[in-house]
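Please read all numbers here as calculations on a predicted model, not as lab measurements. Scope of the values below: all heavy atoms of this structure, side chains included, with no hydrogens, waters or symmetry mates.
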Protein chains: 2
Amino acid sequence: MPTPIRLLLIDDHAVMRAGLANMLNANTDFKVVAGADDAATGLALYRQHKPDVTLLDVSMPGMSGIECLRALRAEYPTAYVLMLSSSDAEEDIVQALAAGACGYVSKSARPAELTAAIHDAQAGKRVVSAAIESRIAEHASSSTLTSREIEVLHLLRKGMNNPDIGHLLGITRRTAKAHVAAILQKLDAADRTEAVARAFERGLLKV
Amino acid sequence: MPTPIRLLLIDDHAVMRAGLANMLNANTDFKVVAGADDAATGLALYRQHKPDVTLLDVSMPGMSGIECLRALRAEYPTAYVLMLSSSDAEEDIVQALAAGACGYVSKSARPAELTAAIHDAQAGKRVVSAAIESRIAEHASSSTLTSREIEVLHLLRKGMNNPDIGHLLGITRRTAKAHVAAILQKLDAADRTEAVARAFERGLLKV
DNA sequence: CGGACCATTGGCCAGGTGGCCAATACGTCC
DNA sequence: GGACGTATTGGCCACCTGGCCAATGGTCCG
(Lines give C-alpha, C1' and ligand atoms only; values in the text may rest on other atoms or scores of the structure.)
Protein backbone atom coordinates (compact mmCIF):
# COMPACT_ATOMS: atom_id res chain seq x y z
CA MET A 1 0.00 0.00 0.00
CA PRO A 2 2.19 2.89 -1.19
CA THR A 3 -0.06 5.83 -0.31
CA PRO A 4 -1.85 5.48 3.03
CA ILE A 5 -5.44 6.67 3.46
CA ARG A 6 -5.27 10.11 5.06
CA LEU A 7 -7.63 10.40 8.02
CA LEU A 8 -9.19 13.18 10.07
CA LEU A 9 -10.54 12.31 13.52
CA ILE A 10 -13.28 14.39 15.13
CA ASP A 11 -14.25 13.26 18.62
CA ASP A 12 -14.60 15.20 21.84
CA HIS A 13 -13.09 12.30 23.81
CA ALA A 14 -9.39 13.05 23.72
CA VAL A 15 -8.60 9.62 25.06
CA MET A 16 -10.50 7.97 22.25
CA ARG A 17 -8.87 10.22 19.68
CA ALA A 18 -5.38 9.53 20.94
CA GLY A 19 -6.12 5.83 21.10
CA LEU A 20 -7.57 5.72 17.62
CA ALA A 21 -4.66 7.68 16.23
CA ASN A 22 -2.17 5.33 17.83
CA MET A 23 -3.99 2.29 16.59
CA LEU A 24 -4.56 3.50 13.04
CA ASN A 25 -1.09 4.92 12.58
CA ALA A 26 0.31 1.54 13.55
CA ASN A 27 -1.31 0.26 10.37
CA THR A 28 0.58 1.43 7.29
CA ASP A 29 -2.69 1.60 5.34
CA PHE A 30 -3.63 4.68 7.30
CA LYS A 31 -2.24 8.00 8.33
CA VAL A 32 -4.05 10.25 10.77
CA VAL A 33 -3.32 13.76 9.55
CA ALA A 34 -5.31 15.69 12.15
CA GLY A 35 -7.61 15.42 15.15
CA ALA A 36 -10.24 17.80 16.51
CA ASP A 37 -12.23 17.78 19.72
CA ASP A 38 -15.17 19.77 18.44
CA ALA A 39 -17.14 20.19 15.22
CA ALA A 40 -15.97 23.71 14.38
CA THR A 41 -12.30 22.80 14.66
CA GLY A 42 -13.04 19.67 12.69
CA LEU A 43 -14.46 21.67 9.81
CA ALA A 44 -11.46 23.97 9.80
CA LEU A 45 -9.06 21.04 9.79
CA TYR A 46 -10.98 19.42 6.96
CA ARG A 47 -10.54 22.51 4.78
CA GLN A 48 -6.87 22.56 5.64
CA HIS A 49 -6.02 18.90 5.13
CA LYS A 50 -8.69 17.54 2.77
CA PRO A 51 -8.43 14.05 4.27
CA ASP A 52 -9.46 10.98 2.29
CA VAL A 53 -11.82 9.82 5.03
CA THR A 54 -13.17 11.59 8.11
CA LEU A 55 -14.08 9.68 11.28
CA LEU A 56 -16.74 11.67 13.09
CA ASP A 57 -18.23 11.04 16.52
CA VAL A 58 -22.02 11.39 16.56
CA SER A 59 -22.44 12.92 19.97
CA MET A 60 -20.43 15.96 20.86
CA PRO A 61 -21.15 18.97 23.02
CA GLY A 62 -21.89 22.13 21.06
CA MET A 63 -22.45 21.32 17.39
CA SER A 64 -23.43 17.66 17.26
CA GLY A 65 -21.81 15.14 14.98
CA ILE A 66 -24.87 15.10 12.77
CA GLU A 67 -24.84 18.87 12.37
CA CYS A 68 -21.14 18.76 11.69
CA LEU A 69 -21.73 16.14 9.03
CA ARG A 70 -24.38 18.28 7.35
CA ALA A 71 -22.14 21.33 7.38
CA LEU A 72 -19.26 19.35 5.97
CA ARG A 73 -21.29 17.73 3.21
CA ALA A 74 -22.82 21.09 2.30
CA GLU A 75 -19.36 22.43 1.64
CA TYR A 76 -17.78 19.25 0.28
CA PRO A 77 -20.56 17.05 -1.11
CA THR A 78 -18.11 14.30 -1.96
CA ALA A 79 -16.48 14.08 1.47
CA TYR A 80 -16.19 10.53 2.76
CA VAL A 81 -17.41 10.59 6.35
CA LEU A 82 -17.64 7.55 8.59
CA MET A 83 -19.71 8.10 11.73
CA LEU A 84 -18.55 6.64 15.03
CA SER A 85 -21.09 6.08 17.75
CA SER A 86 -21.25 4.97 21.33
CA SER A 87 -24.99 5.35 21.71
CA ASP A 88 -26.39 3.45 18.74
CA ALA A 89 -29.61 5.49 18.99
CA GLU A 90 -31.69 4.73 15.93
CA GLU A 91 -32.48 8.31 15.20
CA ASP A 92 -28.85 9.31 14.81
CA ILE A 93 -28.14 6.44 12.46
CA VAL A 94 -30.99 7.22 10.13
CA GLN A 95 -30.21 10.93 10.15
CA ALA A 96 -26.52 10.35 9.55
CA LEU A 97 -27.09 8.09 6.58
CA ALA A 98 -29.68 10.52 5.22
CA ALA A 99 -27.15 13.33 5.54
CA GLY A 100 -24.70 11.44 3.39
CA ALA A 101 -22.47 9.56 5.79
CA CYS A 102 -20.57 6.70 4.15
CA GLY A 103 -21.14 4.47 7.10
CA TYR A 104 -21.92 4.14 10.75
CA VAL A 105 -19.63 2.15 13.00
CA SER A 106 -20.26 1.38 16.64
CA LYS A 107 -17.41 1.94 19.04
CA SER A 108 -18.08 -1.59 20.25
CA ALA A 109 -17.04 -2.88 16.85
CA ARG A 110 -13.82 -4.83 16.66
CA PRO A 111 -10.85 -2.86 15.35
CA ALA A 112 -10.79 -4.99 12.23
CA GLU A 113 -14.35 -3.96 11.53
CA LEU A 114 -13.35 -0.32 11.74
CA THR A 115 -10.38 -0.61 9.43
CA ALA A 116 -12.49 -2.54 6.93
CA ALA A 117 -15.12 0.18 7.12
CA ILE A 118 -12.53 2.86 6.41
CA HIS A 119 -11.36 0.99 3.34
CA ASP A 120 -14.93 0.59 2.15
CA ALA A 121 -15.66 4.24 2.81
CA GLN A 122 -12.76 5.35 0.68
CA ALA A 123 -13.91 2.99 -2.04
CA GLY A 124 -17.27 4.75 -1.99
CA LYS A 125 -19.17 1.86 -0.46
CA ARG A 126 -21.76 2.32 2.25
CA VAL A 127 -21.07 0.28 5.37
CA VAL A 128 -23.05 -0.23 8.51
CA SER A 129 -22.10 -2.39 11.49
CA ALA A 130 -24.08 -5.57 11.80
CA ALA A 131 -25.22 -4.57 15.29
CA ILE A 132 -26.55 -1.37 13.82
CA GLU A 133 -28.41 -2.80 10.86
CA SER A 134 -30.98 -4.41 13.10
CA ARG A 135 -31.69 -1.03 14.67
CA ILE A 136 -32.42 0.44 11.29
CA ALA A 137 -34.87 -2.33 10.57
CA GLU A 138 -36.68 -1.49 13.81
CA HIS A 139 -36.79 2.14 12.87
CA ALA A 140 -38.12 1.46 9.42
CA SER A 141 -41.12 -0.31 10.89
CA SER A 142 -41.89 2.58 13.23
CA SER A 143 -43.27 5.95 12.36
CA THR A 144 -41.54 9.24 11.94
CA LEU A 145 -42.62 12.32 13.85
CA THR A 146 -43.41 15.49 11.95
CA SER A 147 -41.38 18.58 12.76
CA ARG A 148 -44.32 20.06 14.60
CA GLU A 149 -44.59 16.95 16.72
CA ILE A 150 -40.89 17.08 17.52
CA GLU A 151 -41.41 20.66 18.62
CA VAL A 152 -44.21 19.60 20.94
CA LEU A 153 -42.14 16.69 22.19
CA HIS A 154 -39.48 19.08 23.43
CA LEU A 155 -42.12 21.02 25.34
CA LEU A 156 -43.49 17.83 26.89
CA ARG A 157 -40.01 17.13 28.14
CA LYS A 158 -40.06 20.45 29.95
CA GLY A 159 -43.20 19.46 31.80
CA MET A 160 -45.62 21.68 29.91
CA ASN A 161 -49.33 20.89 29.73
CA ASN A 162 -51.51 21.24 26.66
CA PRO A 163 -52.91 24.71 27.41
CA ASP A 164 -49.41 26.11 27.94
CA ILE A 165 -48.06 24.39 24.84
CA GLY A 166 -50.92 25.85 22.84
CA HIS A 167 -50.27 29.30 24.20
CA LEU A 168 -46.55 29.07 23.48
CA LEU A 169 -47.05 27.87 19.93
CA GLY A 170 -49.93 30.25 19.25
CA ILE A 171 -52.49 27.48 18.75
CA THR A 172 -55.41 26.28 20.83
CA ARG A 173 -55.14 23.68 23.58
CA ARG A 174 -57.15 21.40 21.34
CA THR A 175 -54.54 21.43 18.62
CA ALA A 176 -51.77 20.89 21.09
CA LYS A 177 -53.70 17.92 22.36
CA ALA A 178 -54.01 16.57 18.82
CA HIS A 179 -50.24 16.74 18.40
CA VAL A 180 -49.70 14.98 21.69
CA ALA A 181 -52.16 12.29 20.68
CA ALA A 182 -50.23 11.77 17.44
CA ILE A 183 -46.96 11.52 19.37
CA LEU A 184 -48.38 8.94 21.74
CA GLN A 185 -49.66 6.85 18.87
CA LYS A 186 -46.43 7.04 16.87
CA LEU A 187 -44.16 6.30 19.81
CA ASP A 188 -46.53 3.62 21.07
CA ALA A 189 -46.73 5.28 24.47
CA ALA A 190 -49.50 5.08 27.03
CA ASP A 191 -49.09 8.70 28.10
CA ARG A 192 -46.82 11.71 27.58
CA THR A 193 -44.44 10.47 30.24
CA GLU A 194 -43.74 7.21 28.47
CA ALA A 195 -43.54 9.14 25.21
CA VAL A 196 -40.66 11.20 26.58
CA ALA A 197 -38.93 8.07 27.88
CA ARG A 198 -39.22 6.37 24.50
CA ALA A 199 -37.99 9.50 22.79
CA PHE A 200 -34.84 9.32 24.88
CA GLU A 201 -34.41 5.68 23.94
CA ARG A 202 -34.74 6.45 20.26
CA GLY A 203 -32.44 9.42 20.32
CA LEU A 204 -35.20 11.91 19.51
CA LEU A 205 -34.37 13.57 22.80
CA LYS A 206 -30.88 13.79 24.20
CA VAL A 207 -29.63 14.05 27.71
CA MET B 1 10.63 3.50 36.28
CA PRO B 2 11.77 -0.14 36.56
CA THR B 3 8.46 -1.89 37.20
CA PRO B 4 5.59 -0.56 35.12
CA ILE B 5 2.10 -0.22 36.59
CA ARG B 6 0.14 -3.27 35.50
CA LEU B 7 -3.26 -2.34 34.08
CA LEU B 8 -6.56 -4.07 33.34
CA LEU B 9 -8.96 -2.41 30.89
CA ILE B 10 -12.68 -3.09 31.02
CA ASP B 11 -14.71 -1.33 28.35
CA ASP B 12 -17.28 -2.66 25.92
CA HIS B 13 -15.96 -0.37 23.18
CA ALA B 14 -13.28 -2.49 21.54
CA VAL B 15 -12.00 0.50 19.63
CA MET B 16 -11.53 2.47 22.81
CA ARG B 17 -9.84 -0.48 24.50
CA ALA B 18 -7.43 -1.09 21.67
CA GLY B 19 -6.68 2.61 21.49
CA LEU B 20 -6.10 2.91 25.21
CA ALA B 21 -3.87 -0.13 25.21
CA ASN B 22 -1.79 1.23 22.37
CA MET B 23 -1.46 4.59 24.01
CA LEU B 24 -0.65 3.34 27.48
CA ASN B 25 1.77 0.65 26.38
CA ALA B 26 3.69 3.33 24.50
CA ASN B 27 4.45 4.79 27.92
CA THR B 28 6.99 2.68 29.81
CA ASP B 29 5.29 3.58 33.10
CA PHE B 30 2.43 1.29 32.17
CA LYS B 31 1.76 -2.18 30.96
CA VAL B 32 -1.73 -3.29 29.94
CA VAL B 33 -1.91 -6.93 31.02
CA ALA B 34 -5.48 -7.67 29.92
CA GLY B 35 -8.62 -6.23 28.41
CA ALA B 36 -12.26 -7.27 28.74
CA ASP B 37 -15.39 -6.15 26.91
CA ASP B 38 -17.84 -6.99 29.64
CA ALA B 39 -17.98 -6.94 33.42
CA ALA B 40 -18.01 -10.70 33.99
CA THR B 41 -14.93 -11.25 31.88
CA GLY B 42 -13.35 -8.29 33.60
CA LEU B 43 -13.84 -9.87 37.01
CA ALA B 44 -12.35 -13.14 35.83
CA LEU B 45 -9.34 -11.38 34.37
CA TYR B 46 -8.86 -9.42 37.58
CA ARG B 47 -8.64 -12.63 39.59
CA GLN B 48 -6.19 -14.03 37.09
CA HIS B 49 -3.86 -11.05 36.72
CA LYS B 50 -4.29 -9.00 39.91
CA PRO B 51 -3.47 -5.74 38.12
CA ASP B 52 -2.15 -2.74 40.02
CA VAL B 53 -4.88 -0.50 38.64
CA THR B 54 -8.12 -1.29 36.79
CA LEU B 55 -9.64 1.13 34.27
CA LEU B 56 -13.37 0.52 34.20
CA ASP B 57 -15.97 2.01 31.87
CA VAL B 58 -19.10 3.15 33.70
CA SER B 59 -21.67 2.26 31.09
CA MET B 60 -21.69 -1.22 29.69
CA PRO B 61 -24.47 -3.48 28.48
CA GLY B 62 -25.31 -6.28 30.89
CA MET B 63 -23.66 -5.71 34.23
CA SER B 64 -22.96 -1.99 34.43
CA GLY B 65 -19.61 -0.54 35.36
CA ILE B 66 -20.94 0.47 38.75
CA GLU B 67 -22.16 -3.05 39.50
CA CYS B 68 -18.87 -4.46 38.30
CA LEU B 69 -17.05 -2.08 40.62
CA ARG B 70 -19.15 -3.20 43.58
CA ALA B 71 -18.55 -6.87 42.82
CA LEU B 72 -14.85 -6.28 42.43
CA ARG B 73 -14.50 -4.30 45.63
CA ALA B 74 -16.54 -6.87 47.53
CA GLU B 75 -14.01 -9.51 46.56
CA TYR B 76 -10.89 -7.33 46.64
CA PRO B 77 -11.57 -4.38 48.97
CA THR B 78 -8.17 -2.87 48.23
CA ALA B 79 -8.45 -2.95 44.43
CA TYR B 80 -7.50 0.31 42.79
CA VAL B 81 -10.21 1.09 40.27
CA LEU B 82 -10.34 4.18 38.10
CA MET B 83 -13.69 4.80 36.44
CA LEU B 84 -13.81 6.03 32.85
CA SER B 85 -16.92 7.80 31.67
CA SER B 86 -18.35 9.24 28.51
CA SER B 87 -21.63 10.38 29.97
CA ASP B 88 -20.57 12.29 33.07
CA ALA B 89 -24.02 11.72 34.59
CA GLU B 90 -23.90 12.92 38.18
CA GLU B 91 -25.53 9.85 39.58
CA ASP B 92 -22.85 7.51 38.27
CA ILE B 93 -20.06 9.62 39.68
CA VAL B 94 -21.48 9.76 43.16
CA GLN B 95 -22.27 6.06 43.17
CA ALA B 96 -18.86 5.12 41.86
CA LEU B 97 -17.01 7.11 44.48
CA ALA B 98 -19.31 5.76 47.17
CA ALA B 99 -18.57 2.23 45.97
CA GLY B 100 -14.86 2.79 46.46
CA ALA B 101 -13.54 3.91 43.09
CA CYS B 102 -10.16 5.62 43.29
CA GLY B 103 -11.18 8.20 40.78
CA TYR B 104 -13.42 9.17 37.95
CA VAL B 105 -11.96 10.36 34.67
CA SER B 106 -13.94 11.68 31.75
CA LYS B 107 -13.07 10.32 28.34
CA SER B 108 -12.85 13.94 27.25
CA ALA B 109 -9.87 14.37 29.54
CA ARG B 110 -6.48 14.92 27.97
CA PRO B 111 -4.28 11.83 27.87
CA ALA B 112 -1.88 13.45 30.33
CA GLU B 113 -4.76 13.78 32.77
CA LEU B 114 -5.46 10.09 32.47
CA THR B 115 -1.88 8.97 33.01
CA ALA B 116 -1.61 11.29 36.00
CA ALA B 117 -4.81 9.82 37.39
CA ILE B 118 -3.45 6.29 37.03
CA HIS B 119 -0.33 7.25 38.95
CA ASP B 120 -2.41 8.87 41.66
CA ALA B 121 -4.71 5.87 41.83
CA GLN B 122 -1.81 3.51 42.38
CA ALA B 123 -0.50 5.85 45.07
CA GLY B 124 -3.85 5.52 46.82
CA LYS B 125 -4.97 9.05 46.11
CA ARG B 126 -8.47 9.90 45.03
CA VAL B 127 -8.65 11.82 41.77
CA VAL B 128 -11.54 13.38 39.96
CA SER B 129 -11.44 15.32 36.69
CA ALA B 130 -11.94 19.04 37.08
CA ALA B 131 -14.91 18.91 34.73
CA ILE B 132 -16.46 16.29 36.95
CA GLU B 133 -15.94 18.00 40.28
CA SER B 134 -18.43 20.69 39.40
CA ARG B 135 -21.05 18.04 38.74
CA ILE B 136 -20.58 16.61 42.18
CA ALA B 137 -21.11 20.02 43.70
CA GLU B 138 -24.42 20.27 41.83
CA HIS B 139 -25.45 16.89 43.06
CA ALA B 140 -24.61 17.69 46.66
CA SER B 141 -26.99 20.61 46.58
CA SER B 142 -29.81 18.50 45.19
CA SER B 143 -31.79 15.84 46.91
CA THR B 144 -31.44 12.10 46.80
CA LEU B 145 -34.34 9.84 45.97
CA THR B 146 -35.18 7.01 48.35
CA SER B 147 -35.10 3.48 46.96
CA ARG B 148 -38.87 3.36 46.95
CA GLU B 149 -39.01 6.54 44.94
CA ILE B 150 -36.51 5.16 42.45
CA GLU B 151 -38.74 2.15 42.11
CA VAL B 152 -41.73 4.36 41.37
CA LEU B 153 -39.64 6.42 38.97
CA HIS B 154 -39.01 3.36 36.83
CA LEU B 155 -42.74 2.71 36.66
CA LEU B 156 -43.43 6.31 35.66
CA ARG B 157 -41.03 5.81 32.81
CA LYS B 158 -43.16 2.95 31.59
CA GLY B 159 -46.19 5.20 31.44
CA MET B 160 -47.99 3.80 34.47
CA ASN B 161 -50.56 5.87 36.37
CA ASN B 162 -50.90 6.03 40.13
CA PRO B 163 -53.62 3.39 40.55
CA ASP B 164 -51.62 0.88 38.53
CA ILE B 165 -48.41 1.70 40.35
CA GLY B 166 -50.19 1.20 43.65
CA HIS B 167 -51.60 -2.09 42.50
CA LEU B 168 -48.23 -3.32 41.28
CA LEU B 169 -46.45 -2.35 44.48
CA GLY B 170 -49.22 -3.58 46.74
CA ILE B 171 -50.03 -0.13 48.14
CA THR B 172 -52.95 2.23 47.63
CA ARG B 173 -53.15 4.80 44.88
CA ARG B 174 -52.84 7.44 47.55
CA THR B 175 -49.44 6.20 48.63
CA ALA B 176 -48.25 5.93 45.06
CA LYS B 177 -49.33 9.51 44.62
CA ALA B 178 -47.36 10.51 47.70
CA HIS B 179 -44.22 8.95 46.22
CA VAL B 180 -44.76 10.70 42.92
CA ALA B 181 -45.25 13.99 44.74
CA ALA B 182 -41.94 13.45 46.53
CA ILE B 183 -40.21 12.68 43.24
CA LEU B 184 -41.57 15.83 41.62
CA GLN B 185 -40.39 17.93 44.51
CA LYS B 186 -36.93 16.40 44.68
CA LEU B 187 -36.32 16.55 40.96
CA ASP B 188 -37.83 20.02 40.74
CA ALA B 189 -40.26 18.87 38.07
CA ALA B 190 -43.64 20.31 37.19
CA ASP B 191 -45.14 16.91 36.42
CA ARG B 192 -44.19 13.24 36.05
CA THR B 193 -43.16 13.78 32.47
CA GLU B 194 -40.56 16.38 33.34
CA ALA B 195 -39.50 14.21 36.26
CA VAL B 196 -38.63 11.38 33.87
CA ALA B 197 -36.76 13.78 31.59
CA ARG B 198 -34.72 15.12 34.50
CA ALA B 199 -34.05 11.61 35.69
CA PHE B 200 -32.51 10.82 32.32
CA GLU B 201 -30.38 13.95 32.56
CA ARG B 202 -29.11 12.99 35.99
CA GLY B 203 -28.40 9.39 35.11
CA LEU B 204 -31.11 8.03 37.41
CA LEU B 205 -32.66 6.50 34.32
CA LYS B 206 -30.67 5.14 31.42
CA VAL B 207 -31.47 4.76 27.77
C1' DC C 1 -56.95 17.45 -10.61
C1' DG C 2 -57.78 14.13 -6.96
C1' DG C 3 -55.51 11.74 -3.16
C1' DA C 4 -52.38 11.86 0.78
C1' DC C 5 -50.60 13.98 4.52
C1' DC C 6 -50.44 17.72 7.65
C1' DA C 7 -51.96 21.44 10.87
C1' DT C 8 -55.77 23.26 12.67
C1' DT C 9 -60.13 23.30 15.64
C1' DG C 10 -64.51 21.82 18.05
C1' DG C 11 -67.54 19.12 21.75
C1' DC C 12 -68.05 15.61 25.14
C1' DC C 13 -66.61 12.75 29.07
C1' DA C 14 -64.80 9.33 32.49
C1' DG C 15 -60.85 9.17 34.73
C1' DG C 16 -56.19 10.68 36.42
C1' DT C 17 -53.25 14.53 38.33
C1' DG C 18 -51.08 17.37 41.64
C1' DG C 19 -51.58 20.37 45.77
C1' DC C 20 -53.50 21.11 50.15
C1' DC C 21 -54.64 19.55 54.76
C1' DA C 22 -53.40 15.74 58.41
C1' DA C 23 -52.45 11.11 60.68
C1' DT C 24 -50.14 6.52 61.97
C1' DA C 25 -46.32 3.28 62.33
C1' DC C 26 -41.72 1.73 61.82
C1' DG C 27 -37.05 1.97 61.75
C1' DT C 28 -32.38 4.53 62.91
C1' DC C 29 -29.44 7.76 65.16
C1' DC C 30 -27.98 10.58 69.11
C1' DG D 1 -36.28 7.75 75.21
C1' DG D 2 -37.09 11.18 71.73
C1' DA D 3 -36.13 13.25 67.26
C1' DC D 4 -35.94 12.31 62.46
C1' DG D 5 -36.75 10.31 58.11
C1' DT D 6 -39.53 7.00 55.49
C1' DA D 7 -43.59 4.51 54.12
C1' DT D 8 -48.12 4.36 54.60
C1' DT D 9 -53.07 6.21 54.17
C1' DG D 10 -57.18 9.45 54.07
C1' DG D 11 -60.34 13.44 52.02
C1' DC D 12 -61.16 17.30 49.02
C1' DC D 13 -60.87 19.86 44.69
C1' DA D 14 -59.74 22.52 40.41
C1' DC D 15 -57.61 21.23 36.53
C1' DC D 16 -55.62 18.38 32.93
C1' DT D 17 -55.62 14.08 30.26
C1' DG D 18 -56.47 11.03 26.52
C1' DG D 19 -60.01 8.93 23.53
C1' DC D 20 -64.07 9.34 20.86
C1' DC D 21 -66.66 11.76 17.22
C1' DA D 22 -66.08 15.14 13.03
C1' DA D 23 -64.56 19.14 10.00
C1' DT D 24 -61.66 22.72 7.54
C1' DG D 25 -57.82 24.47 4.74
C1' DG D 26 -53.05 23.95 3.12
C1' DT D 27 -49.29 21.67 0.48
C1' DC D 28 -47.12 18.32 -2.18
C1' DC D 29 -47.11 14.43 -5.49
C1' DG D 30 -48.39 11.54 -9.20
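Judged as a ring-ring contact (aromatic ring centres under 6.0 Å, His included), the pairs with a partner in residues 35-83 of chain A (not counting sequence neighbours) are, in order, A:Y46-A:Y76.
At distances below 3.5 Å, at least one donor-acceptor pair connects side-chain atoms of B:R6 with backbone N or O atoms of B:K50. In this structure, A:E194 contributes its side chain and A:A190 its backbone to a donor-acceptor pair below 3.5 Å. Side-chain N or O atoms of A:R17 include none that pairs as donor or acceptor with a backbone N or O of A:G35 at under 3.5 Å. For A:R126 (side chain) and A:L97 (main-chain N/O), a donor-acceptor pair under 3.5 Å exists by modelled atom type.
Base contact: B:A178 has a heavy atom under 4.0 Å from a base atom. Counting non-hydrogen atoms under 4.0 angstrom, A:T146 reaches the backbone sugars and phosphates but no base.
The neighbour count for B:R47 CZ, taken as heavy atoms of other residues, nucleotides or ligands under 6.0 Å away, is above 12.
The side chain to side chain donor-acceptor pair (under 3.5 Å) with A:N162 is formed by just one residue from the set A:H179, A:H167, A:R192; it is A:R192. With A:L56 as the fixed residue, the side chain to side chain contact (heavy atoms under 4.5 Å, CB included) test singles out one of A:L84, A:D11, A:I10: A:I10.
Atom CG of A:L145 and atom P of C:dC6 are 10 Å apart (whole Å). In this structure, B:I183 places its CD1 atom 13 Å from C1' of C:dG18, rounding to the nearest Å. Here the P atom of nucleotide C:dG16 and the CD atom of A:E194 are 17 Å apart, to the nearest Å. When the P atom of C:dT17 is taken as reference, atom CG of B:L155 falls 13 Å away, rounded to whole Å.
Sorted by residue number, the members of residues 160-174 of chain A with any non-hydrogen atom under 4.0 Å from DNA chain C read A:I171, A:T172, A:R174.
Across the helix from C:dC1-D:dG30 to C:dC30-D:dG1, the helix axis at one end is tilted relative to the axis at the other end by 60° (nearest 10 degrees, each axis from five pairs).
At a cut-off of 3.5 Å, with distance as the only test, a side-chain donor of B:D29 or B:H119 sits close to an acceptor on the other residue.
Across the interface with DNA chain D, nearest-nucleotide mapping of B:D191 and B:T175 shows B:T175 to be the residue nearer the 5′ end.
Partners of B:A18 by side-chain contact (heavy atoms from CB on, under 4.5 Å), not counting sequence neighbours, listed by chain and number: A:M23, A:P111. Every side-chain contact (heavy atoms from CB on, under 4.5 Å) that A:P163 has, sequence neighbours left out, goes to A:N161, A:R173.
Once you apply a 4.0 Å limit to the heavy atoms of chain B, the touched nucleotides of DNA chain D run 5' to 3' over D:dT6 to D:dG11.
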